[in-house]
Amino acid sequence: MDVAAAAGVVGGFLQVVFDKYYGSKLEQWAARSGLRGDFLSLKNQLHMVRAMLEAAAGGSSNGNGPNNESLRSLIVELKSAAYAADNVLDEMEYYRLKELVEDTGGGAGGTPSSARQVVGRLVVPGPLLSNPFKRARTGADDALQGQDAGTPNFDQDAVSSRIKSISCCLEQIAGMVRSIIELDKLVSMANFRHVQPEVASLRQTSSIPTESKLFGRDETTNSIVNLLLRADLDSRYSNFNVLPIVGIGGVGKTALAQWIYNHQRVIDSFQVRAWACVSDTLDVRRVIMDIIDSVDGAKETPQFHRLPSLDATLRTLMRKIEGKRFLIVLDDVWVSRHWEKLSCPLSSGMSGSMVLLTTRHSKIAKAMGTFDSVTLEGLDDNDFWVFFLQCTNITEDHTLVQIGRKIAHKLYGNPLAAKTMGRFLCENHDEEHWCKFLKRNIWELKQGPDDIMPVLLLSYQHLPLSLQRCFIYCAIFPRGYKFTEQELTFAWMAQGLIPTLGEDQTLEDVAKEYINELLSCSFFHIIESGHYMMPGLLHDLAQLVAEGECQATNGKFPISTEACHLYISHSDHARDMGLCHPLNCYGLPMKCHIQKNLWAGLLHLKNLRTIMFSASSSIWSPGSEVVFVQSNWPSTIRLLSLPCTFRKEQLAAVGSFIHLRYLDLRWSRFEELPEAVCKLYLLQVLNIKHCPCLLHLPSSMSNLLNFELLIADEGKKLLTGVPYIGNLTSLNVLDDFCVRKIRGFDIAQLKRLRSLRGSLKVQNLENVDGNEEASKARLSDKRHLTELWLSWSVGSFIQEPSEQYHVLEGLAPHSNVSSLHITGYRGSTAPSWLAANLTLTSLESLYLDDCSALEILPPLGLLPHLRNLHILNMNALRRIGSEFYGGNQVVGFPCLEGLSIKTMAELEDWNIEDPNVFPSLTSLTVEDCPKLSRIPSFLWSRESRCWFPKLSKINIKYCPELVLSEALIIPRLPWLLDIDVQIWQQTVINLSGGRLEVSEFDYNSSSAPINVVLQLHWLKHVSNFHIWARDSLSVRPGKQQTDPSACNSEHIANSVQTSAEKVKVTGCGVTDELLSAILENEIYPSSLSISDCPQITSLDLRPLRSLKSLAIQNCVSLKELFGLQSFTALKDLEMANASSFAEAWSELLRSGYAGQGQVTTSLDSLTVDSTLFLNSPLCVVLTSLKKLTIRSDFRVTSLSRQQEKALLLLTSLQDLGFIQCCNLHSLPSKLHKIFTLKQLEIDSCPCVESLPSNGLPEKLEKLIIRGCSERLYTSVSMMDSDNIKLHLVDR
């Protein structure tokens, strides 16, 4: 890694140190502890070092600074000193918190104890200073016996000495770095007198293809070319579109753009083509000049005597492309700044022009592009192998192919990586030479500026320093490891890599931004929902930049002494490192001799800050070995992940890790945490998810003053049992807090928890004594809470209602709360902050449950953003009136979408006078209100006004007085899609999914039947009408009264109620009046089915001009037809159990012959249940009929002579069927004269024993016999059927 990258790494780490410690409470504590001078001296040295590192990084990155090995070595030493500085500052923070907990200084304002006795050890990396601390216990045996290794005490002299030593070291190294930089400047000045210094050259590319062949990109090339050539695409720019190609460095974006640029179809389609390499900065003037050069050629470019102005270049470009269709390639775009200036002159081109840009950042693609990005991944295995063979200059039959395939697999399909590796492999086609490169990682090879690692390093150097540190840390994970957002967030947090940007942004928010930024740069890929992975080459890059700091063990040793972050992926590796101890079948430690060097695996890692054990390295089974945390491990560890811990004793020595921020104990089986955990005063996150045996936490958890988050299984509520939870002032999440009349569990514990976020449930409020005590919770200070529960225990009467009022009055939440639950409140009035002094301006959801004494609802209609309101179990509430909506001066409930009123035993009246309230309401539920007899008139109104035009769902259940009081009128609501009205657990009206059901129910016979009025004009989307109503219900259509001013025209225009394609009408409650209203409702279906409607006597089909299919079943009273004779689109007709239909149809036809209308000629298929349809007036007009099925005619024995004659009038008949005609004895004797017949089906006709004596039609192709007599089967099987396909089923 070069000097710039190394300086950036150390500079980034120093930024982390400053963000954590300086300007914080630590500086004040240092002054009180007699360390002010040392503290400020160290601060100044760190400032100086950071400034010099910025100079070294900046100069080296642009090619003007020193880039020698000596400087790089000094920067590495600076890094070691920076780690030492971070450690000592971290320890000081630990002592500060310990003093607060243990009061070693005699109080917050006193001085620290002068005791010098120390019972622990803190490790200082490197030879900066000998350790001033001594260990109280050493060796593994103590840990195996479950003994606590103890925690260190503050020693002012030792800490002061360490700070001075570190400051001195920083000063010495900084001085040497400064000397090298100044010497380099003198050399540069001397050279300047003789040689004009070179200007740092930007990366340049051209439109001339650098590859003789493009591998594996044919499909992508063709799709891009096809898209570029389309001229009919919309764009946010005038006359041109922008197509981005996105991918990591070296994946082949430029090569693909070159081939597209020189594609013959592109050349033929664009009058002007130009190429410009944008590179690091989007210099508008330079890019435009490059475009002009590319358009005309350098020799034709106007020669300016001076550098042209921006205006001159813009106007020149506009003249070049004006009125012409152009293609401009912007290659290697790194920033989108100034894109507006560059895009302005491009609008002068012809419509259909295109800009093709290549970039490594999806954010830039989104900012500049008008199409979805073309994301370029690595080549697939086959294409990449062919390309690799070309790069290495071997063929498929070469002896090195097997080794070559293994090497190629490590390059992840990246073409530039193949070219880089090929350059090394081409030097010698010797097996030993190739095996050497097989064993090495590509990032370990010395590479030129155009090879893969320097190209990827350029992406890294464009990241902000904060992101660079976070990216480097990811080298700890094994290649191909899938990590989650939470896993990465806590790991970064433990190392202090995420800065605190203010109260409004959490560490999780910042981490999410970082992850999204790394995704945008292709440093991460989303593998599946919630999981990410680093691409292989980017993982190699992270290892390169980390320089051994981050390692995932693979069983190979030694681990680099520079290792700071260690991931152990397998139990064998943990055993090899001496981190495991054998257990017997009962999970108890086996007696064995522990060698002195057994723990050497970690002792040499003086800078160790992370140790992660994967689950597979920790899972215990009888006879296996498990990891025991040892007190002689480096105490600098910030993150310890030890999932599947089996015994509490494995963690006995964890108290010695005073720097620990994150402790991960998922999937563990212990029953309690060791007390040592409660002495980790810097601990921020404890992960005990999936630990079923752990049912409580130590009471001294409240000592963890830096603690922010407990990750546990949902519903466990472990923090509820911790007393003095108010000491955890940094706590972010507290799901439940149960108030008790015990010290440490009073409501005042919430006072200092100002960092609480998300949801908080405050329960057992009956244990709060009055307004003054309730106010101590300071809920109004908790600006990050979004959901709040305030709850009194069910059946608790230890508080008077007036006292409960004062308690609730003192629990006013912050105005940022978006969801509020109040449960068990017995006060008769609402608190002022929910009534007269309404302050919850951000409230979106409100739940009032079991407020049994509340007599009047507060003016909730004034809440400007309320979306959901639930009112439940209010037994004292009798009326809902105008006070609920907030008065007539404002529109009540402007944003409310869901309203639920349930279990209101005494509620009698709910009135709305202003039709403008609830303008956004979409869902209304009223349940279990037995006395409610009056409801807002919009539900039952016969008025033409349209109330609440967005209401789509209505549920009325268990409200008998309401349902039985008057007619149920389905309202005029254009969005109404869902209705459920129930009484006595029986559904009366149900509308769902385009299906409307109105059902009768059991009721007192002395009561009058319920009248249901269907406003069909608003039910055009309904496709199924099921009306089952007789004695208890009367269903009729409402009169259509359309008043243009009644409903907002915008609401009607946007209504989701589109006409149904298929309509089905069913039920004994369907009357002629209702059926006519349904069919006259401008629905225009293509299919209509009417069944089980015994009240129907007439059917008028004239409104249904587009009807193609009609089915009528079990309509025994149907006697009159209108409109069937005029149909030209009807193709299918099915009739069953409508005995008068044939006669009515014939009567229509006779009317048609008399000149009253056009006869039916379009019918293709007819299914009937009676041979009465076979009459001459009908059959003579069915000239298009191709299929006739006679089904379930139980009376016919044979066709009469007139019926057989009528059958012959069907001149287009091709398919004839007799199905379930149980008494049919013989088939038509003249069947052979139906010359067009191709298929005959006889199904379930047991009395038919033979075919007609005159035979079958000559053109018959298929004969189907199913469920008939054996004689018929025998007769058919003996016939000459060479030209007929026989299907004898169920013989």
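Positions are given from 1, in the same order as the sequence printed here.
The closest donor-acceptor contact from the side chain of Arg360 to the backbone of Asp332 lies at 3.5 Å or more, if one exists at all. Gln551 places no side-chain N or O within donor-acceptor distance of the main-chain N or O of Ala563, the cut-off being under 3.5 Å. Checked by atom type and distance alone, the side chain of Trp434 pairs as donor or acceptor with a backbone atom of Leu425 at under 3.5 Å. At distances below 3.5 Å, at least one donor-acceptor pair connects side-chain atoms of Ser223 with backbone N or O atoms of Thr220. Gln258 places a side-chain N or O within 3.5 Å of a backbone atom of Ser206 that can act as its donor or acceptor partner. No side-chain donor-acceptor contact under 3.5 Å links Asn687 to the backbone of Asp664. The closest donor-acceptor contact from the side chain of Trp492 to the backbone of Ile498 lies at 3.5 Å or more, if one exists at all. With hydrogens and angles disregarded, a donor-acceptor distance shorter than 3.5 Å links the side chain of Thr370 to the backbone of Val242. Side-chain atoms of Ser235 come within 3.5 Å of backbone N or O of Tyr237 as a donor-acceptor pair. No donor-acceptor pair under 3.5 Å is formed between the side chain of Glu708 and the backbone N or O of Asn732.
Here the closest heavy-atom approach between residue Cys391 and residue Cys426 is recorded as O-SG, 3.1 Å. Across all non-hydrogen atoms, the minimal contact from Tyr460 to Phe523 is N-CZ, 3.7 Å. The two residues Met612 and Leu639 have their closest heavy-atom pair at CG-CD2, 3.7 Å. The shortest heavy-atom contact between Val455 and Leu416 is CG2-CD2, 3.6 Å. In terms of heavy-atom proximity, Phe424 sits nearest to Thr420 at CD1-O, 3.2 Å. The heavy-atom pair separating Leu683 from Leu686 by the smallest distance is CD2-CB, 4.4 Å.
Residue pairs meeting the salt bridge (charged side-chain N to carboxylate O under 4.0 Å, His left out) criterion with at least one partner in residues 474-484, sequence neighbours excluded, are Arg479-Asp540, Lys482-Glu528.
Counting heavy atoms from C-beta outward, Leu663 and Phe657 have side chains that stay 4.5 Å or more apart. The shortest side-chain heavy-atom distance between Met421 and Phe437 falls under the 4.5 Å cut-off. In this structure the side chain of Ile248 never reaches within 4.5 angstrom of the side chain of Ser459, judged on heavy atoms. The shortest side-chain heavy-atom distance between Ile442 and Leu537 falls under the 4.5 Å cut-off. Side chains of Leu256 and Ile224 form a contact here, defined as non-hydrogen atoms less than 4.5 Å apart.
Tested against Phe483, the residues Tyr473, Tyr567, Phe524 include a single ring pair (Phe, Tyr, Trp, His ring centres under 6.0 Å) partner, Phe524.
Tyr261 and Trp275 have perpendicular rings, their planes meeting at more than 60° on a 0 to 90° scale where under 30° would count as parallel.
Residues passing the ring-ring contact (aromatic ring centres under 6.0 Å, His included) test with His539, sequence neighbours excluded: none. By the salt bridge (charged side-chain N to carboxylate O under 4.0 Å, His left out) test, Glu485 pairs with Lys512, sequence neighbours left out. Residues that satisfy the salt bridge (charged side-chain N to carboxylate O under 4.0 Å, His left out) test with Arg423, not counting sequence neighbours, are Asp451. Every residue two or more places apart in sequence or in another chain that forms a side-chain hydrogen bond (donor to acceptor under 3.5 Å, both in side chains) with Arg50 is listed here: Gln15. Listed by chain and number, the residues in a ring-ring contact (aromatic ring centres under 6.0 Å, His included) with Tyr514 amount to none (sequence neighbours excluded). The salt bridge (charged side-chain N to carboxylate O under 4.0 Å, His left out) check on Lys419 picks up Glu211, with sequence neighbours excluded. Contacts of Lys363 classified as side-chain hydrogen bond (donor to acceptor under 3.5 Å, both in side chains), with partners at least two apart in sequence or in another chain: Glu517. For Tyr532, there are no ring-ring contact (aromatic ring centres under 6.0 Å, His included) partners, not counting sequence neighbours. Checked against salt bridge (charged side-chain N to carboxylate O under 4.0 Å, His left out), Lys689 has no partners two or more places apart in sequence or in another chain. Under the rule for a side-chain hydrogen bond (donor to acceptor under 3.5 Å, both in side chains), the partners of Thr358 that lie at least two apart in sequence or sit in another chain are Asp331. Lys253 is linked by a side-chain hydrogen bond (donor to acceptor under 3.5 Å, both in side chains) to nothing, counting only residues two or more places apart in sequence or in another chain.
Atoms CD1 and CD1, from Ile526 and Ile515 in turn, are 10.0 Å apart once rounded to the nearest 0.5 Å. How far SG of Cys474 is from CZ of Phe477: 6.0 Å, rounded to the nearest 0.5 Å. Rounded to the nearest 0.5 angstrom, Leu356 CG and Leu330 CG are separated by 8.5 Å. Atom CG of Leu608 is separated from atom CZ of Arg638 by 10.5 Å, given to the nearest 0.5 angstrom.
Atom CG of Asn516 sits in a crowded spot, with more than 12 heavy atoms from other residues, nucleotides or ligands closer than 6.0 Å. The neighbour count for Lys410 NZ, taken as heavy atoms of other residues, nucleotides or ligands under 6.0 Å away, is above 12.
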inquiry  = Run the side chain to side chain contact (heavy atoms under 4.5 Å, CB included) test on Leu445 and Arg440 for me, step by step, so that the C-alpha distance in whole Å, both residues' side-chain angles and the decisive distance to 0.1 Å come before the verdict.
reply    = CA-CA 8 Å; Leu445 307 178; Arg440 298 181 66 184; 3.6 Å; yes
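Side-chain contact annotation: Gln495 with Thr610, donor-acceptor N/O pair under 3.5 Å present.
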